[in-house]
4 protein chains.
Amino acid sequence: MSKSRVQPLKQPSQQRSKLTVQAILEAAIHVFDEFGYAAGTTSRIASRAGVSIGSLYQYFPNKDSILTALAEQHMAEVLALSVRLLETLRTSTQALEPVLHDIVGHMIALHENNPGLHKLLYEEGLLPAQLRQTAKQAEQFLIEEVGRCLSLRPDVAAVADRQLQAYFVVHAIEHFTHRLVIDRAPMEFQLRGKAELVSMLQRYLRA
Amino acid sequence: MSKSRVQPLKQPSQQRSKLTVQAILEAAIHVFDEFGYAAGTTSRIASRAGVSIGSLYQYFPNKDSILTALAEQHMAEVLALSVRLLETLRTSTQALEPVLHDIVGHMIALHENNPGLHKLLYEEGLLPAQLRQTAKQAEQFLIEEVGRCLSLRPDVAAVADRQLQAYFVVHAIEHFTHRLVIDRAPMEFQLRGKAELVSMLQRYLRA
Amino acid sequence: MSKSRVQPLKQPSQQRSKLTVQAILEAAIHVFDEFGYAAGTTSRIASRAGVSIGSLYQYFPNKDSILTALAEQHMAEVLALSVRLLETLRTSTQALEPVLHDIVGHMIALHENNPGLHKLLYEEGLLPAQLRQTAKQAEQFLIEEVGRCLSLRPDVAAVADRQLQAYFVVHAIEHFTHRLVIDRAPMEFQLRGKAELVSMLQRYLRA
Amino acid sequence: MSKSRVQPLKQPSQQRSKLTVQAILEAAIHVFDEFGYAAGTTSRIASRAGVSIGSLYQYFPNKDSILTALAEQHMAEVLALSVRLLETLRTSTQALEPVLHDIVGHMIALHENNPGLHKLLYEEGLLPAQLRQTAKQAEQFLIEEVGRCLSLRPDVAAVADRQLQAYFVVHAIEHFTHRLVIDRAPMEFQLRGKAELVSMLQRYLRA
DNA sequence: AATGAATGAGGCTTCATTCAT
DNA sequence: TATGAATGAAGCCTCATTCAT
């Protein structure tokens, strides 16, 4: 509202910058996914992005910062999804199982592409301390929220330490979601695995 | 005659070699644990081992082979422990919970030291294809054995796909074991986590 | 508009690249000539070229490829010269001796600089198999052409095996050419040697 | 004379030393022949000789000295052979051709084994300056002797510079001898080549 | 801003040589 | 004297990053 649309004339540079940054991140996703972090060289990323190495360094101060940006992007997605799913969990009147199925399904969908990258992001100790800190805080927030939701549902057993339970739920979902995706198991196994994960969670949680 | 035979006169050279190899592996454990694989340089390993870089390469053809040796060593330990634990699982007449407690406890103990290294070993795609193959076979064997044991126990629910169940059990133990150790949570949390893991497994499995 | 077009506006980058490559090859010639292949290290070449080691590897994938480039360059020169000389041999109506003198003179001139390098190129088994193959084929072609030329001249004796004769001619020229240059004999000796080589060839060939 | 032969009792060590040295040189011949100088490592030589690397360095101060010893050995053989052949050349009343045939045949025979080694010895600039000096002197001596012999034969043309002629004879024999042997040409070609070499020399020399 | 050539620290590895046993 | 483990200088090469154009 504040900015009038009178001058569409200028800002091509900012526009272009964004495109370039996007192209680089896009390229980085594929390169890291395919080659891993160490072998995913900056020049590979630049050339895949169709951009010169110099331009890459115009937008990212160093290699780490590219991974960091990717991680932040992914964290945002996960958080956004989580918020939506929590909402479902909170408001849904369905039985536990279909809700869990929905959650797991969405989580798998989110990690289905570029599993190699997600492996990097979650498993290798590459992220800078600060971001790791942030991630932990987000996780902590998520765990707390999940804990609250679980407490609200009558079909979930009462437990002494709700936080701990939520911790296990969150990590079980995270881990097996990755596993199923990363192991590149045949689709048939992935489907059965998904069902079994839901089953495990359900048995773990049910009243 | 001059030299007393109290210490059996073993070939000093072989003795010394073994010590050197041990020192290198020992150092590699710590260096990889602390710096990760990429930043765990061979010269760091050598110098931490108190050995020249030349000696390192006298016993290991390249950097990879050091990690491989560590992996093989660890796999052997895991396998040996697994065999013992399976035996317990099979023969024990105890309730499920204490048996699971025992298993989880031993597994945590095995990974308690040098969690960073175990992360490398399990998570990063660094191991040579052949070893990864071997590891997968060992895991498959373990899963099958676990499946068999579960089938034998009357206190474990009958399920349609025992293999899948065993897969989840094995991986849940593996993952949370690492998690608890890697997160370097306070001991108090680790203890509660251990109990909760057992609880989760028990609920998942119980008839 | 502001910039005059006196100097055609060629891409400065490509220009610069070419200069760098030239500088590296130039330096390599001198370094290999002076130190031989083993002691002619890449960093010596780079520093003599006034270029960083990184630049060297930007244009040559490895040390071998530098020598290979030099060899290809030299082969091209030799071939070009040979073609010209063959033409002379074919068309000249002069007596054999002055023609031979001309040939030998040109060959010596071609090898006069950097004899150490030519030694490497011809004598040590350093060239990659493929290039050696090519060189052999070029030599074979040359021998055949020389054979044909010899057959055409009435002042050359008829012989049973023209190819073999040509083989000896080519190698005698090649060898003594190198010899005279490599032995770094005093100029006076080189001149007499040149004459004697011609004399030997003439006696060998004359009808 | 000075040392009485009364005590054959001691010197087993000297005896053994000689054997060891011989074994090392023998091994070095094969290793250099097969791998060349750079890749013919001292430990390869030692192990092929069935001797520890330490022992090798007991008898040879460094790697170069092994090659030097080999070169000296070969030079001695060449010289001894040359002396015998010169004698023949001097005293023989045969025609030039059979004498040359004999000479070339013997020279080829001397280089037939381990051509790779001879390539090293003659072609690569590996020999220490001092030895190269010695070799040159020996060659000079040989050339002079050959020159003298040629002068004595009535079937050899009188020439202005006998030394130069001898230089060409000696080097032509040396070079083509190596070529025929090193190129590992098929035996059939080697035979024809040998005949052609003799032919070339004969035409070069004949009155 | 964009380009890509240039940089050089630093990693892995080899191998001649030394030295403790 | 023999052994072979240990040494470490030095070579090749990579790749994140800088900088001239």
Side-chain angles (χ1 to χ4, degrees), chain A residues 12-14 16-17 20 38-47 51-66, chain B residues 3 9 11-21 38-47 49-64 66, chain C residues 11-21 38-47 49-64, chain D residues 12-13 16-17 20 38-47 51-66:
Chain A
S13 61
Q14 290 203 19
R16 186 135 176 240
S17 289
T20 303
T41 64
T42 51
S43 70
R44 254 206 262 251
I45 293 170
S47 89
V51 149
S52 74
I53 184 69
S55 290
L56 187 152
Y57 276 89
Q58 192 110 38
Y59 295 105
F60 296 91
N62 53 44
K63 188 181 173 183
D64 272 17
S65 67
I66 302 175
Chain B
K3 303 195 176 182
L9 200 148
Q11 302 90 320
S13 59
Q14 291 204 17
Q15 182 70 7
R16 202 166 164 202
S17 292
K18 254 179 211 161
L19 284 176
T20 300
V21 169
T41 67
T42 52
S43 76
R44 252 206 263 255
I45 294 171
S47 87
V51 147
S52 74
I53 186 66
S55 286
L56 187 152
Y57 279 91
Q58 187 132 43
Y59 297 106
F60 298 91
N62 50 48
K63 189 182 170 181
D64 272 18
I66 302 175
Chain C
Q11 303 90 320
S13 58
Q14 290 204 18
Q15 183 69 5
R16 202 167 164 201
S17 291
K18 254 180 211 162
L19 284 176
T20 302
V21 168
T41 68
T42 52
S43 76
R44 252 207 263 254
I45 293 170
S47 87
V51 147
S52 74
I53 186 68
S55 286
L56 187 153
Y57 278 93
Q58 188 136 40
Y59 298 105
F60 298 91
N62 51 48
K63 188 181 169 183
D64 272 17
Chain D
S13 61
R16 186 137 175 236
S17 289
T20 303
T41 64
T42 51
S43 72
R44 253 205 262 254
I45 293 169
S47 90
V51 150
S52 74
I53 184 69
S55 290
L56 186 152
Y57 275 88
Q58 192 107 41
Y59 295 105
F60 296 91
N62 53 43
K63 189 182 172 182
D64 272 17
S65 68
I66 301 174

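A, B, ... follow the sequence lines: proteins, then strands. Residue 1 opens every chain.
Within the 4.0 angstrom heavy-atom criterion, only backbone atoms of the sugar-phosphate kind lie near C/T42; the bases stay farther away.
As a whole-Å value, the separation of B/K18 NZ from F/dA6 P is 14 Å. One interatomic measurement links the two molecules: CD1 of B/I66 to P of E/dG11, which rounds to 14 Å at whole-angstrom precision. Counting to the nearest Å, the P atom of E/dC15 and the CG atom of D/D64 are 16 Å from each other. At whole-Å resolution of the value, OH in D/Y59 and C1' in F/dT1 are 7 Å apart. When rounded to the nearest whole Å, the span between OH of B/Y57 and C1' of F/dA5 equals 18 Å.
Between A/Q58 atom CD and A/S17 atom OG the span is 8.0 Å, to the nearest 0.5 Å.
With sequence neighbours excluded, the residues forming a side chain to side chain donor-acceptor pair (under 3.5 Å) with D/S52 are D/S55, listed by chain and number. Here C/A49 pairs with C/A23, C/I24, C/A27, C/V51 under the side chain to side chain contact (heavy atoms under 4.5 Å, CB included) rule; sequence neighbours left out. Residues meeting the side chain to side chain donor-acceptor pair (under 3.5 Å) test with A/N62, sequence neighbours left out: none.
Of the residues near DNA chain F, C/A39 and A/A38, the one whose nearest nucleotide (by heavy atom distance) lies more toward the 5' end is C/A39. Between D/L56 and C/P61, it is D/L56 whose nearest contact on DNA chain F lies nearer the 5' terminus. Toward the 5' end of DNA chain E, the nearer of the two residues B/S43 and C/V51, judged by each one's closest nucleotide, is C/V51. Comparing B/K63 and C/G50 along DNA chain E, the residue whose closest nucleotide (by nearest heavy atom) sits nearer the 5' end is C/G50.
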Pairing annotation in dot-bracket form, given for DNA chain E with Watson-Crick or G-U pairs under 3.5 Å and | for cross-strand partners: .||||||||||||||||||||

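Within the 4.5 Å cutoff, side-chain heavy atoms of C/V21 are placed close to those of C/F60.
Of all non-hydrogen atoms in D/T42 and D/L56, the two that sit nearest each other are O-CD1, 3.6 Å.
In this structure, C/R16 does not reach the F/dT21 phosphate: none of its side-chain N or O atoms is under 4.0 Å from OP1 or OP2.
Nearest nucleotide to the D/Q58 side chain, out of F/dT3, F/dA5, E/dA6: F/dT3.
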Short heteroatom pairs, N/O only, protein and nucleotides 8-10 of chain F, under 3.5 Å:
unit_1	atom_1	unit_2	atom_2	d
F/dG8	N7	B/G54	N	3.3

